[in-house]
Amino acid sequence: MSMPHRAPGTDFFTDFVVTGAVGGADATSTPAEVTGLLGGGFVESLTGPGQLLRCYDLVELAWQRDTAGEPWQGLYVTVQAHRLDAPLSVDGLSAALDRIGFPLVEVAPDGVGCRRLVRADSRVGVLADEATGQVLQMTAPAWFAPGPRGEPAPWPRNTGRDRVRHLAGLGVPEREAWARRRQPEESGEAARWWWSLWVACGQRIPAEGELGAGLDRSAWQEAALWLLGKCETAGVLDRAEAVCEIARYGLLAPDAAVRACLEAIPVSRADVATRETTPYTEEHLVAVNASRAAKRLSPSRPVRCCPGCGIRSCGPRCGPGWISGPG
């Protein structure tokens, strides 16, 4: 059982929400980079095959790799605020962030007793107890977001499952006809509709050589690529986010996936923002987030995301991390 911890100052928590990092370490940092930034005072354990968890008091960082000898790929950074001996109030945290110009946005609750708030530019999500207002956890990258990605699906879980199973069995013309008959006319509702279909599909893509609802993986891959394209068109995902989903689920052959990643990198190597050249301030958020996306898409750091949104594994949803150097 985790023991309570003395609360750091408010600046510690607001800085994490604003930057998505602790002492410069974020969800894209390697174990060696984290040690260099935060030091050696940690407890580390293997939490499953190819999964590494490191704890610095309230702060946890996680990595994943497919096989021994491969580089560790960052998954998330979490501040476990529920371990504090004095509860952290979500209203107090929100007020402090309002004062410095980085307000949180509240999205739909999780349905199991937690309020959910998010800072979109840093991709930090905050979970708070609905009854007490106590902050339980802050995570970067968050697996929820403002807009359609933070709203509940417009149908029961079984309906989403049945719809994507049907779509995976159709050819492209039949899928398009099916969508024309059912897609909501209002753009916001259409965006939520497409996002919910993609989430339901991502939960059901079978592993290589396995079947999903009687269909082989290739049928699900085709449906998944089609749905991701629709999410882009609806504005739910940008190209970099869609390509990360493609890489994460192995929807393209390796060479095609690398080409897609390279084409989606939103900033040139010469223009990439680094911690040494670009302070994390409001006027630099666009440059910092472009650099995080570049690091996430770099073929030398293949995408290995472990989301906590109910899609195939646990841990926070994939999002960008601030690049630490031009390499």
Side-chain angles (χ1 to χ4, degrees), residues 120 123 141 143-151 153-155 159-208 212-213 215-266 289-290 293-294 296-299 302-305 307 309-312 317-320:
R123 298 273 180 102
W143 61 98
F144 49 88
R149 291 159 65 174
E151 297 173 3
W155 46 64
T159 300
R161 179 198 63 196
D162 294 342
R163 287 187 171 185
V164 295
R165 180 190 297 157
H166 178 69
L167 286 169
L170 299 178
V172 174
E174 292 80 12
R175 285 193 208 111
E176 294 288 351
W178 182 92
R180 283 194 297 270
R181 293 193 301 269
R182 292 168 175 80
Q183 177 182 330
E185 292 184 6
E186 197 275 320
S187 60
E189 278 302 303
R192 180 167 72 124
W193 194 79
W194 285 115
W195 173 252
S196 298
L197 283 172
W198 160 243
V199 170
C201 182
Q203 291 171 341
R204 289 160 180 83
I205 298 172
E208 198 68 52
L215 299 169
D216 63 23
R217 179 175 168 82
S218 63
W220 285 95
Q221 286 174 301
E222 291 176 11
L225 289 167
W226 180 77
L227 286 169
L228 286 171
K230 295 297 185 182
C231 285
E232 280 191 76
T233 301
V236 187
L237 297 173
D238 61 28
R239 183 56 182 163
E241 292 169 327
V243 168
C244 279
E245 296 289 81
I246 288 169
R248 172 179 155 220
Y249 286 100
L251 301 179
L252 294 175
D255 287 349
V258 168
R259 285 195 298 272
C261 286
L262 290 171
E263 291 168 359
I265 290 175
N289 285 328
R296 184 166 48 122
L297 290 163
S298 169
V303 178
R304 298 293 184 212
C305 303
C309 56
I311 301 180
R312 297 183 65 177
R317 183 168 183 76
C318 179

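Atom CG of L228 is separated from atom SG of C244 by 11.0 Å, given to the nearest 0.5 angstrom. Taking CG from L251 and CZ from R217, the interatomic distance works out to 6.5 Å, rounded to the nearest 0.5 Å. Residue L215 holds its CG atom at 10.5 Å from CD of E222, rounded to the nearest 0.5 Å. Residue R163 holds its CZ atom at 6.5 Å from OG1 of T159, rounded to the nearest 0.5 Å.
Between D255 and R259, the closest side-chain pair of non-hydrogen atoms falls below 4.5 Å.
Among pairs with a residue in residues 225-236, those fulfilling salt bridge (charged side-chain N to carboxylate O under 4.0 Å, His left out) read E176-K230, E232-R239, at least two apart in sequence or across chains. Residue pairs meeting the salt bridge (charged side-chain N to carboxylate O under 4.0 Å, His left out) criterion with at least one partner in residues 182-191, sequence neighbours excluded, are E189-R192.
The backbone N or O of V236 lies less than 3.5 Å from no partner atom in the side chain of W195, so there is not a single donor-acceptor pair.
Scanning all heavy atoms of the two residues, the minimum distance from V164 to C201 falls at CG1-N, 3.7 Å. Residues P184 and A190 come closest through the heavy atom pair O-CB, 3.6 Å. What you find for P154 and S196 is that their closest heavy atoms are CD-OG, 3.2 Å. Of all non-hydrogen atoms in R161 and A200, the two that sit nearest each other are N-CB, 4.5 Å. Of all non-hydrogen atoms in I205 and A224, the two that sit nearest each other are CD1-CB, 4.0 Å. The shortest non-hydrogen separation linking A223 to A168 is CB-CA, 3.8 Å.
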Could you check W198 against W226 for ring pair (Phe, Tyr, Trp, His ring centres under 6.0 Å), going step by step and ending with a plain yes or no? CA-CA 9 Å; W198 160 243; W226 180 77; over 10 Å; no
Let me see the working for Y249 and L225 under side chain to side chain contact (heavy atoms under 4.5 Å, CB included), right down to the final yes or no. CA-CA 10 Å; Y249 286 100; L225 289 167; over 6 Å; no
Could you walk me through whether W194 and Q183 pass side chain to side chain contact (heavy atoms under 4.5 Å, CB included), step by step? CA-CA 8 Å; W194 285 115; Q183 177 182 330; 3.4 Å; yes
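Listed by chain and number, the residues in a side-chain hydrogen bond (donor to acceptor under 3.5 Å, both in side chains) with D216 are S218 (sequence neighbours excluded).
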